[in-house]
**Q** 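Dropping the structure in here first, questions after.
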Protein chains: 2
Amino acid sequence: MRRGRSKSVREVTNFQQAPYGQKKNPFQPMSIFSEDEIEAIHQASLKVLCDTGMDIQSPRAVEILKREGAMIGSDGRRVRFDPDFVMEKISTTPSEFTLHGRHKGRHVHVGGQSVINTLVSSAPNVSDLDRGRILGNFEDYSNLIKLGEILNTVHALGGYPVEPCDLDVSERHLHAVSAAARLSTKPLFGYAIGSERMLDAIEIVRIGRGIDRETLLKEPSITTVVNANSPLVYDKALLEGAIEMAEHNQPVIYTPFTLAGAMAPITVAGALVQQNAESLAGLAFHQCVNPGAPAIYGSFTSNVDMKSGSPAFGTPEYTKATIASGQLARKYKIPLRASNANASNAPDEQSVYESQMSLWACMLGQVNFILHGHGWIEGGLCASYEKVILDAEMNQMMEAFLMPSLVNNDTLGVEAIAEVGPASHFFAAQQTLDRYETEHYNPMLSDWRNFESWRDAGSETASQRANKIWKQLLDDYKEPKLAPEVEEELSGFVDRRVSEGGAAPL
Amino acid sequence: MRRGRSKSVREVTNFQQAPYGQKKNPFQPMSIFSEDEIEAIHQASLKVLCDTGMDIQSPRAVEILKREGAMIGSDGRRVRFDPDFVMEKISTTPSEFTLHGRHKGRHVHVGGQSVINTLVSSAPNVSDLDRGRILGNFEDYSNLIKLGEILNTVHALGGYPVEPCDLDVSERHLHAVSAAARLSTKPLFGYAIGSERMLDAIEIVRIGRGIDRETLLKEPSITTVVNANSPLVYDKALLEGAIEMAEHNQPVIYTPFTLAGAMAPITVAGALVQQNAESLAGLAFHQCVNPGAPAIYGSFTSNVDMKSGSPAFGTPEYTKATIASGQLARKYKIPLRASNANASNAPDEQSVYESQMSLWACMLGQVNFILHGHGWIEGGLCASYEKVILDAEMNQMMEAFLMPSLVNNDTLGVEAIAEVGPASHFFAAQQTLDRYETEHYNPMLSDWRNFESWRDAGSETASQRANKIWKQLLDDYKEPKLAPEVEEELSGFVDRRVSEGGAAPL
């Protein structure tokens, strides 16, 4: 994806990234809980759905659930789910599917051992080391989409990287999604804020891919996230967006907002029970709308700081819950989403260790779809340019970790060891000469120079170096222009919808 | 371990640490290689020891190996090892043993699922954010030992945290080890720099524990590391120190210095072959000296940056090699040592993500003895005060991750969920009220306040907060005084040895 080095004064020596390519996670997933314990969590969540149920705030959604046989309360809103109903409905969810980008090289596989990573999503604020923290806006939105396009560790968009707050809410989705379709070739995202916005986003993605409606119905090309309004509520706008997605055979990530101690029980096990109940309800609903439509199990369970009520992420509880969510999602054979999360207020050491706890949880839980993969800080309230680069390095290291190290006569090196013998070195060994250019991981951000060289070059910390790298990447970025006829159709659609006044208020 | 809050102006709000207590790793270790591949690495390493052998630079060690049946070359130095000889000799290595601190509450278990963490060791330089990087000295040595004593995530010393370069080399070990025996109650360390220094260290540790020689022979109380001078050399001074340790039934960690591409083959598999050969040779030697004496398999395999030759740590290669070392050490049923390593020149974001790659490797490889656990930066060339605190937080989080999350009717929270119902919150649920004080991990360093509170309090990054915490800890530290008769014996021994001129030059 490097597009020729610019002559910018911000040029960073030796900057490089590993080639683009979706990775598979070859490792045995970790088990936090025994099979019996997972079964107990599963059964408890079915009991919650059967005995307590959920508030479904969309009459249209309630009607669909009623038609399919869910139990509707006298208020027309409280829906209870028989355990057999839940299990039967979710059984038509595809275990694996292809999510389509603009062209074949950008399609990604969802499910199984495959890993998809994304940009930060839905942050209201944006920050960099030069400007500090400011309100989200369309220029930073576009810049972050550009970074997502050029970074090889980003495989799909998982939302607006930052909210373009300077765009009118009735038109925002039209400008934001069409900009993403222009600036990025990777699979796109739209927000399920009611039917109308969702349909607009689906249409923009269809146009951007240059495909007809029939092809779109066969090819998942846009994702959305539907958060439960935990505890035990799905709100109207999100569900009505989800209906459009399901009807168009597009994947929805059903993600409960289960922060232990606040919106869910304080224990990891209890928060997982509630997450599982809410996610299964969403997944069952999706199949009620359109059996066989792709969907993703969303895990976001973390805890709050019980002193302040502040959300915390990348905690030991978050790590356990994410890995255990893998055990649950695999039980249902449904792809899993979790996040690269942290609660730090800066792209600093805390943001990194909390992110690492999250990323290792994603690896060990065999998470398929890592949301907020690049740039999330402040528990999601801010998108950080420097954190985008820190995360790119961390994700790139994890991708290298997932690549097999071969064991054969050549790699075992017995001959090389015999050739070198005691009290010598391997720099000139034939095995070294044959392999030195590609054998080891090459960092994009880490500085491995000795102390004196590093000091004399300005003693820059990793976040300070990241500040230079994102600027260089933006200099290097070249827009992957849409075909003229596609651009014309896209502009025409957006102009028409804007002239119609955009989306009606909800 | 908190000893009453001081009235210092450096007081840090809400600072706390989790209670002291060695943890067990309950998880299934990860496999990087298949059993066949591990067997191939094992067989290749035996072939290296049999066909190429190692240079054993101590005539005394060669004599022992000759007596036990190793094959000695005509130069009297190149020793080759029959595979059966190696396997028979290492078979008497204990799988588990107790390492003794000053008193029972400080004894630790080595082997099995047990985890021991340590301070940084052997750094020639020391740094903090106020003074920058300076040469190691006795004052900083003492301060770091104090931090290791007060931090609950440190279970043993793994070397001098920083080299006290201001002490004369003939007396340095006497002052350094006796200071550690005074300042710390945790299991101690001595360097195997020849017989004389090793014996002095063993004697100081014996006196500090207030035990007689017979008890010491039954109770491992001091560790040392013997590095192979890779490739395929063990040097004279280290081996002669190791002989004293083995004869006193004290554990030696045999750690090859196998940086792939420099002192070992460039491939992970090849570097592991050489590490395994060198470590097995050391372990076999230990049993030749004293069958049944405790010893530890040392893993330090990483890679160099092939552009510059600089050592790199916490790389994907390091992570794989560490986890695979666990597969090898468990095959031999010998406790495993690895490190919390990184190559960053500052206690910054890079130091953290490289350390996290190392710490997760230690967890997934079921490492028993984590050397350099707190404070290592710069590939070991510097001990950083702020990194000590960053590592304490990271290690504390990992310890919390290792603690079981219970699944039972109480934790599953079905009642709590029914009690709260949709569209409410759990802050006032009975389950929450019963558990809020202890249910979740409490950080010592992480700042979970919202952005505005954090900004108004000075926008400190985690390393800047760490700077305050280590100062507070040093203020809080109180020396755990030796009994008067022990102090007298210790001073008497050190004074006598100093008056004798300390240790003779090697």
Side-chain angles (χ1 to χ4, degrees), chain A residues 37 40 44 47-48 52 55 231-233 261 265-270 273-274 303 305-306 310 312 315-317 319-320 343 345-346 348-350 352-353 356 360 378 390 394 397 400-401 405 407 411-414 416-418 420 422-423 432 435-436 439-441 446 448 451 454 461-463, chain B residues 37 40 44 47-48 52 55 231-233 261 265-270 273-274 303 305-306 310 312 315-317 319-320 343 345-346 348-350 352-353 356 360 378 390 394 397 400-401 405 407 411-414 416-418 420 422-423 432 435-436 439-441 446 448 451 454 461-463:
Chain A
E37 289 172 330
K47 188 170 162 58
V48 166
T52 302
D55 272 2
L232 300 175
V233 176
I266 191 167
T267 58
V268 170
V273 166
Q274 193 185 306
N303 59 293
D305 175 13
M306 295 311 297
S310 299
T315 61
E317 291 77 19
T319 306
K320 289 182 193 180
N345 288 301
D348 69 345
E349 300 79 12
Q350 177 186 335
V352 166
Y353 61 70
Q356 281 278 330
W360 278 95
E378 250 191 69
L390 286 162
M394 292 194 273
M397 288 169 81
F401 176 72
S405 282
V407 177
T411 61
L412 284 167
V414 174
I417 296 169
V420 167
T432 307
R435 292 170 172 268
Y436 76 96
E439 188 66 22
H440 297 152
Y441 174 73
S446 298
W448 289 342
F451 177 80
W454 170 81
T461 62
S463 56
Chain B
E37 289 172 331
K47 189 170 162 59
V48 166
T52 302
D55 272 3
L232 300 175
V233 175
I266 192 167
T267 58
V268 169
V273 166
Q274 192 185 306
N303 59 292
D305 175 13
M306 296 311 298
S310 299
T315 61
E317 291 77 21
T319 306
K320 289 182 194 179
N345 287 301
D348 69 344
E349 300 80 11
Q350 178 186 336
V352 167
Y353 62 71
Q356 281 279 331
W360 278 95
E378 250 190 71
L390 286 162
M394 292 194 274
M397 288 169 80
F401 177 72
S405 283
V407 177
T411 61
L412 284 168
V414 174
I417 296 170
V420 168
T432 307
R435 292 170 172 267
Y436 77 96
E439 188 66 23
H440 297 154
Y441 174 73
S446 298
W448 290 343
F451 177 80
W454 171 81
T461 62
S463 56

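Note on naming: letters A, B, ... go to the chains in the order of the sequence lines (proteins, then strands), and numbering restarts at 1 for each one. These values consider heavy atoms only, across backbone and side chains, with no hydrogens, waters or symmetry-generated copies.
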**Q** Would you mind reporting whether D305(A) and H440(B) have side-chain heavy atoms less than 4.5 Å apart?
**A** no

**Q** Sub-3.5 Å donor-acceptor pair from the side chain of E317(B) to the main-chain atoms of Y441(A), do we have one?
**A**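 Yes: the side chain of E317(B) pairs with the backbone of Y441(A).
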
**Q** Might you point out which heavy atoms bring Q274(A) and L232(A) nearest each other, and give the distance in Å?
**A**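 Heavy atoms only, the tightest pair is NE2-N, 4.2 Å.
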
**Q** Is it the side chain or the backbone of K47(A) that comes within 4.5 Å of chain B heavy atoms, both, or neither?
**A** side chain

**Q** Report the option among T432(A), T411(A), V233(A), V273(A) that has the most heavy-atom pairs separated by less than 4.5 Å from atoms of chain B.
**A**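 Max contact count across the listed options: T411(A).
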
**Q** Non-hydrogen atoms of chain B under 4.5 Å away: do they reach the side chain of E378(A), the backbone, both or neither?
**A** side chain

**Q** Looking at D55(B), T319(B), N303(B), which makes the most heavy-atom pairs under 4.5 Å with chain A?
**A**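 With the most close heavy-atom pairs to chain A, the winner is N303(B).
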
**Q** For Q350(B), what residues pass the side chain to side chain donor-acceptor pair (under 3.5 Å) criterion, not counting sequence neighbours?
**A** R465(A), E354(B)

**Q** Name the region of T267(B), side chain, backbone, both or neither, that has any atom closer than 4.5 Å to a heavy atom of chain A.
**A** both

**Q** If you count heavy-atom pairs under 4.5 Å between each of A343(A), A44(A), S405(A) and chain B, which one has the most?
**A**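 Heavy-atom pair counts peak at S405(A).
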
**Q** Using a cut-off of under 4.5 Å on heavy-atom pairs, state which of I417(B), V420(B), V268(B) scores highest against chain A.
**A** I417(B)

**Q** Quick one: which of G261(A), A346(A), P265(A) has the most heavy-atom pairs under 4.5 Å with chain B, could you say?
**A**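 That would be P265(A).
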
**Q** With no hydrogens and no angle check, is any side-chain donor or acceptor of S310(B) less than 3.5 Å from a backbone partner on W448(A)?
**A**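 Yes.
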
**Q** Just verifying a value: how many Å separate E349(B) CD and L390(A) CG, rounded to the nearest 0.5 Å?
**A** 5.5 Å

**Q** Which one, S446(B), A418(B), G413(B), A269(B), leads in non-hydrogen pairs under 4.5 Å with chain A?
**A**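 Heavy-atom pair counts peak at S446(B).
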
**Q** Can you tell me which of A400(A), P422(A), P316(A) forms the most heavy-atom pairs within a distance under 4.5 Å of chain B?
**A** P422(A)

**Q** Would you mind checking which part of M397(B) comes under 4.5 Å of any heavy atom in chain A, side chain (CB onward), backbone (N, CA, C, O), both or neither?
**A** both

**Q** Got a sec, which residues hit side chain to side chain donor-acceptor pair (under 3.5 Å) with D348(B), two or more places apart in sequence or on another chain?
**A** S344(B)

